[in-house]
Every structure is written in C-alpha cells, then in structure tokens.
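All values derive from a computational prediction rather than experimental measurement. Computed over heavy atoms, backbone and side chain alike; hydrogens, waters and symmetry mates excluded. Residue numbers start from 1 in every chain, and the chains themselves are labelled A, B, ... in the order their sequence lines are given, proteins ahead of strands.
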Amino acid sequence: MKTFYITTAIDYVNGSPHLGHAYEKVLTDVIARFRRMMGDDVYFLTGTDEHGQKIQQSAQAQGIEPQAYVDSIAPEFRTMCEKLEISNDDFIRTTEPRHKKVVCELLQQLFDKGEIYKAEYQGYYSTRQEQFLQDKDRNEDGTWPEIYGEVSEITESNYFFKLGAYQEWLVDHIKTNTDFIFPRYRAKQVLEFLSEPLNDLCISRPKERLAWGIPLPFDPEFVTYVWFDALTNYYSAVADKKDLWPASFHVIGKDILVPPHAVYWPIMLQACGLPIPQSILAHGWWSINGAKMSKSTGNFVEPAEFVDQFGVDALRYFLIREMSVGQDSDFSMDQFLVRYNSELANNLGNLVNRTLNMTNRFADATVPEPAEGGEPEATLRAAWQKTHEEVVPLFEQFQFNVGLERAMSFITATNAYIEQRAPWKLGKSQDPADQALLRTALAHMAEALRLGSTLLQAVTPGSVAKIQGVLGYEAGSDWQAELVWDHRLTGNAVAKNCILFPRPEKKS
RNA sequence: GGGCCUUUAGCUCAAUGGUUAGAGCAGGGGACUCAUAAUCCCUUGGUUCCGGGUUCGAAUCCCGGAGGGCCUACCA
C-alpha cells in the first residue's frame, strides 16, 4: 500500500509561532489522524525553514551566529507541535546535513543536465533593504520610496533554472489532474499565472550579499536562494526512505500556492526526473476580530497561551469547526466562547457528566444491559446511522467543519433522547417495566456518547480518550469498527464524574 | 489595466434550475431537575446586494451595475 505522505509548509523561524502556524499544523494533523483511522499507512512531516537574509539579519542584530539564532527559535516550533498534540513522524530543519546533502544532489544533477545556467541580472538595488526593486516599487513620480535609501542600478551574476521549458507540461498536468490543487477553484489562479510565459527562476545569491544558505555545489561563491532550499525539504526528509515519495498532500497557506508550490516545485521535480506530489491543499487565513493578523496592531493570538487557558482540544476544535478548508475565517474571543460553551461544554461535556451521574445514581456505576427498547431508541439509532454515513465522507473531502456540525447534532439528539426517556423519573418507579426501560435508557445514552465522541477523535483525540476512559472503555485500533452500534460498553464500570470542558471564569 | 472569487435571517453559514429559501448561535416563550445556571420543546426573524433578461419555474443560468476580498514572481 502506498504510504499516505502528508506535509505542512516549513515555518520560517524569524519569529515566534502564531495562530496561523498553529492552524496549519492542526489541520494537517487532523487529516493525518483521520487517514490513520481510516487504515492508511501515514507519514507526517513538518519542520522549519532556517536560511536566508532575514535570519542572517536577526542573528546579527542579536550579535550571535545564524546557527545559534535558529537553534534558539526552532525549538519553539517543535514545542508548539507538542503542545498542540501534533502527531508528526518527523521534523526537518533545513540546516540539517541530511537536507543540505539532498539539495546539493538535486542542484548538481540539474546543473549537469544543463537545466541551470549562469547569467547576468541587471536591476535596481537598495543597499539599505538589501534587495532588488522593481518598477512597481516606485512612487508615482518615478522616485523610490524613502525606506529603500539609496537605490542604484547594478549588474549581478547569478544562476538561473530553466522553468519555461516545462510550462506546457505543467498546464497540461493541472488541467488533466483536477485533484492536483485543492480547493479546485484555486487551480484557476495557477492557470491564470501560467497563461503568461514563465521567466527562468533565479536560484542563487552571491555569497557577499547573502552568506547564510547552502553553497551551490558547483560554485561555492554562491548560496542557494529560497525555493530550491525550502521546497526541497519535502523530498530531502524522505529521500532515503522507501515508498514515501511522492507526497500525497502538501498542506500550505494560499499565499504560497502561486507560484512556489504549484509552479516551481512540480517543475523542479519533473526536471529532476522525480514524481510530483499527488495534491496540494491550500488553506485560508485567519483574521483576528476582523482585522489582518499582525504584530504591530497587537492582535496576535499566542497558541501556547490559549492552550494553557482552555486546553488543547478546545483550540483544535475551534480551528477545525470554524473554518471551511480553503476559505478565510475570523478568530474572535466571542465566537470562540460561543463554540466552547454551547458545543463543547454544554452539549458534549454536559452529556458526559450527566451520563456518568445517572449511571452512578441509578445503575450502581455500571453500564446496564439494554432491553429491546421502543420508538425513541429506534429513532436514536437511526440518527446515528445517518450521522455515521454522512460524516465519514465529509471528512474524506476535508469538510471537517460540516462533519463536526453533524457530529454535534447527534450529540444534541442524544440529549433529546434522554429528555424523552427521563431516567430520573424511571428511577423513582418500582415497576419492573420502568426499571427495564431505565436500564435501556442508560445503556443507550452511554453507547450514543461513545459513538458520537468517536467521530471527534481526529480533532479532539485527548478528550475522546478521556471520555472512553470514564466509560471504562478502551477502544480498539480499527476506528471504523468503533463506529458500529453494538452496546459493547455493557457491564463497564464508569467514573463518578468528569468535567471535560469547564466553563471559563467570567471576566469583566 | 487584466483575471478570479464573493454578497442569503442580528451573526456564521447551507440550499444537483423544482413544494412554503433552511441550520447553528443570538432574541422571545414554555417544560424539566440526572447534569458544568445545564438540557429539551415551541417560536420571532428574509425585497436571497440592485436592475434587466432566459424559463412553465431563478438564491441558482445570462447581461449590466454596486459593495467586499484575492491573484498578477519575498510572509502560515
């Protein structure tokens, strides 16, 4: 079986992780966990991008070596992954020897084949910003904006990669393989970009201008510039492993779809004679309270702080529940609290707690054996059947937000079932028929809770494990078998109580 | 300039061209007491951005207009 190999983009370590980084990790993790649950052999890679000018500058500003600088920041990203309970199998850093080795091999191969050539580049260069400028950077009157300082026209030698030769092939591939880019409408953007002739890609920087990078294997006076370094991580991490390449999914932000992931990367691979990834998933961006996320305006959500305050599953749940994959979405405390309180605490959390309480009070803390039951039981089971059939395909199509909504509806249906049976009333009756019905009701609520929560497993794995724990249950490894209604909890001893999602303290 | 997307209830979003445009949350009313002041039931709320057109029939398709967003070679 082909391994399901999934990656996140690697994060540029020029700052601390924020909500956007967290989202991409969580989304990818949910897909990875779900595929594992569906029986796939999954390999999940994430990592950090550690070369380049900004890092060189940041290191210089702190008066330390770039390596020391990235060594200080990279762990933050690793820690965030742990904190978010990301189930990655590997974490690659572009400063690792295993990565540099593969980058050099690919570059050398392309150079030998004549796909890379040296040429002179002439342009306007800002010494202050240490970058080339373009005409669009000019003021309307043709002068250069203040921030660039002195701008001069210079000529520089660099190495270029022949992109253009593969343009037609790529257009054809995208048109033929409609699953190559998800969501599908984003493929239009790529094709639009490809409707103009491609310029060859500048893949180097002279060492005197940028020292912090991987030296070109065929010319040590130059270092590799961004894309051949960064994109290659997806391959370098698994180059020595069997049956992993090509990737099944690259999960990335919509901003780096065009051109790097949808154009440069497939062409690089094709030129190297390597298979190209099956699919690229471009997700949307989070705004905060309706405004673009930025450090300067202070609307900056620290994932770690959030996890400390509300728990990892609350954050994971919100990110996945709120965003339609591919679309943008807004993060606000109000909206978070709505989801947290009404869905996690009141609907699901309270169901857990009331189930435990009633089982303790009316059945000696043991899940009873159900009798046949009547119409309410049949309705509940039918609701489960429908939910089960709907949710799995929704998840397969990355419609996690809709899937979670359906799962929550089933939890609501379970709460409604309980109201209908009112076990607290049955508990007061000595009538054997009522006692039988009571046992049936308790068994049904426990089973429904087990099943409904199992649907959330990819999103809130810790909480689901806790629910199973308080139901005295240990799930098997076959997730799909866990979704079968069969009263396997009968006879289990349940916990006394369990507050899964405590109501947050009211803040004025 | 060119291209793409979007506009539906107070908010977030659903509705293969086919009954009376639906959910959740918020708002209003009621029930219940096992439970995290929770749960359940009922309910208010729509000129589907505007104007034309095609059609037996349009939120949906076409044309025009307005608002919002995005891409057009450095940021998840």
How does RNA chain B read in dot-bracket, base by base from 5' to 3', with Watson-Crick or G-U pairs under 3.5 Å and | used when the partner is on another strand?
(((((((..((((....[...)))).(((((.......))))).....(((((..]....))))))))))))....
Sugar-phosphate or base contact per nucleotide [nucleotides 2-8 of chain B; S, B, -; heavy atom under 4.0 Å]
BSSS---
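Rounding to the nearest 0.5 Å gives a distance of 8.5 Å between CD1 of A:I10 and CG of A:L45.
When distances are taken from the side chain of A:N415 to each of B:C40, B:A73, B:C70, the shortest belongs to B:C40. Side-chain atoms of A:W227 lie closest to B:C75 of the nucleotides B:C75, B:C41, B:A23. Out of B:U33, B:U36, B:U39, the shortest distance to the side chain of A:K425 is found at B:U33. Here the side chain of A:T412 is nearest to one of B:C40, B:C25, B:A73, namely B:C40. Considering only side-chain atoms of A:E405, the nucleotide from B:A23, B:C34, B:C75 that sits closest is B:A23. Of the candidates B:A73, B:C34, B:C75, B:A73 carries the atom nearest the A:P259 side chain, counting heavy atoms from C-beta on. Of the candidate nucleotides B:U36, B:U72, B:C41, B:U72 has the atom lying nearest to any side-chain atom of A:F193.
In this structure, the salt bridge (Lys or Arg N to Asp or Glu O under 4.0 Å) partners of A:R406, at least two apart in sequence or on a different chain, are A:E390. The salt bridge (Lys or Arg N to Asp or Glu O under 4.0 Å) check on A:D11 picks up A:K25, with sequence neighbours excluded.
Remark: A:R205 does not engage A:E156 in a salt bridge, criterion side-chain N to carboxylate O under 4.0 Å. Taking a cutoff of 4.0 Å between a charged side-chain nitrogen and a carboxylate oxygen, A:E419 and A:R354 qualify as a salt bridge.
The stretch residues 325-340 of chain A comes close to RNA chain B through A:V338, each having a heavy atom under 4.0 Å from the strand. Within residues 348-367 of chain A, the residues approaching RNA chain B are A:G349, A:N350, A:N353, A:R354, A:N357, A:M358, A:R361, by heavy-atom distance under 4.0 Å.
Straight-line distance between the C1' atoms of B:G65 and B:U6: roughly 16 Å, to the nearest whole Å. Across the P atoms, B:C75 and B:C13 are found 26 Å apart, a figure rounded to whole Å.
In this structure, A:L500 reaches the bases: a heavy-atom distance under 4.0 Å links it to at least one base atom across the strands shown. Among the protein residues, A:A9 comes within range of the sugar-phosphate backbone only, with heavy atoms under 4.0 Å from sugar or phosphate atoms but none that close to a base. At the heavy-atom level, A:Y23 lies nowhere under 4.0 Å from the strands shown. Nucleic acid contact for A:K54: base, since at least one base atom lies under 4.0 Å from a heavy atom of the residue. Nucleic acid contact class of A:N199 (heavy atoms, under 4.0 Å, all strands): base.
Residue-environment remark: CD (A:E153) exceeds the threshold of 12 foreign heavy atoms within 6.0 Å.
Each of A:V226 and A:N401 has a nearest nucleotide on RNA chain B; the 5'-most of these lies closest to A:N401.
Side chain A:E322 to base B:C13: no donor-acceptor pair is found below 3.5 Å.
The closest side-chain donor-acceptor pair between A:D328 and A:S287, if any, does not fall under 3.5 angstrom. Judged by distance alone, the side chains of A:D330 and A:N289 never bring a donor and an acceptor atom under 3.5 Å apart.
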Chi angles and distances behind the side-chain hydrogen bond (donor to acceptor under 3.5 Å, both in side chains) call for A:H444, A:R421:
CA-CA 10 Å; A:H444 275 73; A:R421 278 301 183 213; over 6 Å; no
Would you sort out whether A:Y159 and A:F222 count as a ring-ring contact (aromatic ring centres under 6.0 Å, His included), showing the intermediate values?
CA-CA 9 Å; A:Y159 285 88; A:F222 292 83; 5.3 Å; yes
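Atom OH of A:Y417 is separated from atom P of B:C41 by 15 Å (rounded to the nearest Å).
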